[in-house]
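Data first, discussion second: the structure below is written as structure tokens.
Atom set for the values below is all heavy atoms of this structure, side chains included, hydrogens, waters and symmetry mates excluded.
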Amino acid sequence: QEWKNTFATWDPQDFCNISKVVLPTDTYWSPPIFILERVNGQNSNLDYMAVMHNGSFNSTQAFQVTLTCSLMILKFPFDTQTCNLSIASFLYPAVTDLVMKTRRTPAEMMKDSQSYFLTDGEWKFTNLSIIEYVEELGDGEFSVVTYAISMERQPTLYILNLILPTCALYLLDMAVLFGPSSLEDKIGFQIAIILGSSMLAVILNNILPTSSNKPPVIGTH
């Protein structure tokens, strides 16, 4: 966070050329912000801010938060999700008191986010966009900055553990059904295939995401 306070300025030449001091965050006013989609999380213990001689304040804090996000898993496991992280301050109206702006461009933040994001996990970070707007709430208008984070699921694990075995079972079922085997052998193979399909259905039920109104196509066929 960066902001300016014109009442907190001094001439460095009058104070041994000191142009920067570090103070606790409760020493001066700082903009209170909220993450709208936040469920829970843990704040950092870096309760300090840097004050420059020209009245510029700089505060850096790390947050580890859990956010709510609506998932669209119709194309699971080849789905792409977009989750929002909205930062707002509903204590000061945007028209008269506080307007939030982003310092860096989406391309710069995209580059930094890719370097910090865990690239060998289930998700692949694909895009980041920033939306600045004014939210009307009650009788006031408040400044909001929303970061739209797009991620693409890595489908390799699901292809190997789910899709390929399912296709193999269906091919085996067709081969046995139209093969020259006797009726007793076909019945035995069909029972084995049914048991295998049931096991795959149990695995599918355990790994499918449940936080979506529309079930994935792979779970309905």
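Connection of I87 to L91 is established within a shared hydrophobic cluster, with ILVMFWY side chains joined at heavy-atom distances below 4.5 Å, either directly or through further cluster members. Note on V99: it does not cluster hydrophobically with V145, by side-chain heavy-atom contacts below 4.5 Å among ILVMFWY residues. Hydrophobic clustering, with ILVMFWY side chains joined whenever heavy atoms are under 4.5 angstrom apart, keeps I131 apart from V134.
Taking both residues in full, the closest heavy atoms of D11 and F15 are given as O-CD1, 3.4 Å, listed atom of the first, atom of the second, then distance. Here the shortest heavy-atom pairing between N5 and T9 reads O-CG2, 4.0 Å.
Under the 4.5 Å side-chain criterion, counting only non-hydrogen atoms from C-beta, F78 is not in contact with E152. Taking the side chain as every heavy atom from C-beta outward, L128 and Y147 approach each other to under 4.5 Å. Residues M151 and I149 are in side-chain contact: their nearest non-hydrogen atoms beyond the backbone lie under 4.5 Å apart. The side-chain heavy atoms of M109 and I130, taken from C-beta on, include a pair separated by under 4.5 Å. With a 4.5 Å cut-off on side-chain heavy atoms, T80 and K75 do not count as touching. Side-chain atoms of K4 and N54, non-hydrogen and from C-beta on, do get closer than 4.5 Å to each other. Looking at heavy atoms from C-beta onward, T146 lies in side-chain contact with Y133 at the 4.5 angstrom threshold. Side-chain contact between C69 and Q81: absent, with no pair of heavy atoms (C-beta onward) separated by less than 4.5 Å.
With rounding to the nearest 0.5 angstrom, the CZ atom of R103 is 9.0 Å from the CD atom of E108. Once rounded to the nearest 0.5 Å, the distance linking CG of D26 with OH of Y48 reads 9.5 Å. Interatomic distance, R153 CZ to K124 NZ, rounded to the nearest 0.5 Å: 15.0 Å. From I35, atom CD1 reaches atom CG of L85 across 5.0 Å, with rounding to the nearest 0.5 Å. Rounding to the nearest 0.5 angstrom, the gap separating the CD atom in Q154 from the CD1 atom in I159 is 10.5 Å. A distance of 10.0 Å separates CG of N84 from CG of L36, quoted to the nearest 0.5 Å.
A 6.0 Å sphere centred on CZ of F34 holds more than 12 heavy atoms belonging to other residues, nucleotides or ligands. Atom OH of Y28 has 12 or fewer heavy atoms from other residues, nucleotides or ligands within 6.0 Å.
Using a distance-only test at 3.5 Å, with no hydrogens or angles considered, a donor-acceptor pair links the side chain of S143 to the main chain of M100. Side-chain atoms of E132 do not come within 3.5 Å of backbone N or O of V144 as any donor-acceptor pair. In this structure, the side chain of W10 does not engage the main chain of S19 through any donor-acceptor pair within 3.5 Å.
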### Query
Would T82 and S150 satisfy side chain to side chain donor-acceptor pair (under 3.5 Å), going step by step from the backbone distance to the final call?
CA-CA 4 Å; T82 299; S150 298; 3.2 Å; yes

### Task
Kindly indicate, with the supporting measurements, whether the criterion side chain to side chain contact (heavy atoms under 4.5 Å, CB included) is fulfilled by Q1 and I33.
CA-CA 10 Å; Q1 296 176 274; I33 62 171; 3.8 Å; yes

### Task
Determine, stepwise, if the pair E37 / S86 fulfils side chain to side chain donor-acceptor pair (under 3.5 Å).
CA-CA 7 Å; E37 297 84 3; S86 301; 2.8 Å; yes

#### Entry: side chain to side chain donor-acceptor pair (under 3.5 Å) between D47 and T25, worked out
CA-CA 5 Å; D47 297 329; T25 53; 4.7 Å; no

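Taking the six-membered ring for Trp and the full ring otherwise, the centers of F142 and Y92 sit at least 6.0 Å from each other.
Side-chain N/O atoms of N40 and T66 include a donor and acceptor closer than 3.5 Å.
Ring geometry for F57 against W3 counts as parallel: the plane angle stays under 30°, on a 0 to 90° scale with 60° as the upper cut.
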